[in-house]
Amino acid sequence: MKNRDEIAQALAASGYIADADLATAISLMQMLRRPLLLEGEAGVGKTEVAKALAKVHATELIRLQCYEGLDQSSALYEWNYQRQLLAIQAHRGSDSIEDQVFSEKYLLERPLLAAIRRRQAPVLLIDEIDRADDEFEAFLLELLSDFQVSIPELGTIPAVTIPHVVLTSNGTRELSDALRRRCLYHYVDYPDVDRETRIILTRVSGASPSLSLQIARMVEGVRKEELRKVPGVAETLDWAAALVGLDVRDLHGAPETVHETLVCLLKTHEDRARVTPEVTQRLLGRVA
């Protein structure tokens, strides 16, 4: 079992810079074999945790993207109705045909069922669970607590291996106590300047330590403005890549370019209008 420091190092090697609290949560997740619920604003890197874990374990990432109206057939399984109809037509009059068509041969796996039937434990990412309905959340409880699912025609199907389960939530609605009790919990916040600097250095080829630190400090300032959509880590990386691509080595030496490229960070008309050249200059003046 890997300890917190070993997990942090393994994640860093896969391209994800985790803080100590997140590394501890992942360590406990693996030790207790419990799902991990990651909550936080959009863009802070919750989904990337699951991707990094898949790399660390050299295993498959199975992703279930949640949305309003998501139902059991889309998430767990459905029957191959076309093949079933063909089989019924071919065996018309057979008494056993009903049992035959509701067998493994005609079963189509969806992410949840696939995740518990892999021989090598995959990482199961249940992304943006807060976008799904309460009914779907309740449906998940059997999987999250007992790592098994029930299919009426086939009975209870236990997990072949227990997947590494990561759930993410942007907090758009309150999750049930029943769901939270079945998971370990960690709140993912925007990274501080030091950690965001390390993220830039790890993910953006050609970014120097001094430029990465300037970018992280500038982004910290932008996030403190009254914005409709606060830029996440993905936007920081886009901006850093753009600046490196434009051969910017010092933000103070290219103030016009800094302002023009803020389109990488600001994703609404209101925010773009709010961050005027004067605001950019003010923020830049606070960057050492």
**Message:** Checking Q148 against I116 for the side-chain contact (heavy atoms from CB on, under 4.5 Å) test, could you report, in this order, the C-alpha distance in whole Å, the side-chain angles of both residues, the deciding distance, and whether it holds?
**Reply:** CA-CA 7 Å; Q148 64 181 30; I116 67 170; 5.7 Å; no
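- Qualifying ring pair (Phe, Tyr, Trp, His ring centres under 6.0 Å) partners for H259, counting only residues two or more places apart in sequence or in other chains: none.
- Every residue two or more places apart in sequence or in another chain was checked for a ring pair (Phe, Tyr, Trp, His ring centres under 6.0 Å) with Y190, and none qualifies.
- Atom CG of D19 is separated from atom CG of D192 by 8.0 Å, given to the nearest 0.5 angstrom.
- I151 CD1 to T156 OG1: the interatomic distance, rounded to the nearest 0.5 Å, is 9.5 Å.
- For V244, the side chain to side chain contact (heavy atoms under 4.5 Å, CB included) partners two or more places apart in sequence, or in a different chain, are V204, A207, L211.
- Taking the side chain to side chain contact (heavy atoms under 4.5 Å, CB included) definition, one finds that V279 meets it with E225, V275, T276, R282, L283, sequence neighbours left out.
- Between T161 and Q120, the side chains place no donor N or O within less than 3.5 Å of an acceptor N or O (distance only, hydrogens not considered).
- With sequence neighbours left out, the salt bridge (charged side-chain N to carboxylate O under 4.0 Å, His left out) criterion links R110 to E78.
- Under the rule for a salt bridge (charged side-chain N to carboxylate O under 4.0 Å, His left out), the partners of R131 that lie at least two apart in sequence or sit in another chain are E128.
- Annotation: salt bridge (charged side-chain N to carboxylate O under 4.0 Å, His left out) contacts of K229 (sequence neighbours excluded): none.
- R274 and D271 are joined by a salt bridge, as a carboxylate oxygen and a charged side-chain nitrogen come within less than 4.0 angstrom of each other.
- Listed by chain and residue number, A20, A23, T24 satisfy the side chain to side chain contact (heavy atoms under 4.5 Å, CB included) test with R4 (two or more places apart in sequence, or in another chain).
- Pairs engaging residues 135-147 under the salt bridge (Lys or Arg N to Asp or Glu O under 4.0 Å) rule: E137-R173 [sequence neighbours left out].
- Shown here are the side chain to side chain contact (heavy atoms under 4.5 Å, CB included) partners of D250, two or more places apart in sequence or in another chain: Q214, H252.
- Side-chain heavy-atom separations under 4.5 angstrom define the hydrophobic clusters, and the remaining members of the one that includes L213 are V193.
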Extract all donor-acceptor atom pairs below 3.5 Å that involve side chains of residues 38-52 and protein atoms in other chains or at least two apart in sequence.
| residue | atom | partner | partner atom | Å |
| --- | --- | --- | --- | --- |
| E39 | OE1 | R180 | NH2 | 3.4 |
| E39 | OE1 | Y185 | OH | 2.8 |
| E39 | OE2 | R180 | NH2 | 3.2 |
| K46 | NZ | G40 | O | 3.2 |
| K46 | NZ | E41 | O | 2.9 |
| K46 | NZ | N170 | OD1 | 2.9 |
| T47 | OG1 | D127 | OD1 | 3.0 |
| T47 | OG1 | D127 | OD2 | 3.1 |
| E48 | OE2 | K51 | NZ | 3.4 |

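- Judged by distance alone, the side chains of T197 and D194 never bring a donor and an acceptor atom under 3.5 Å apart.
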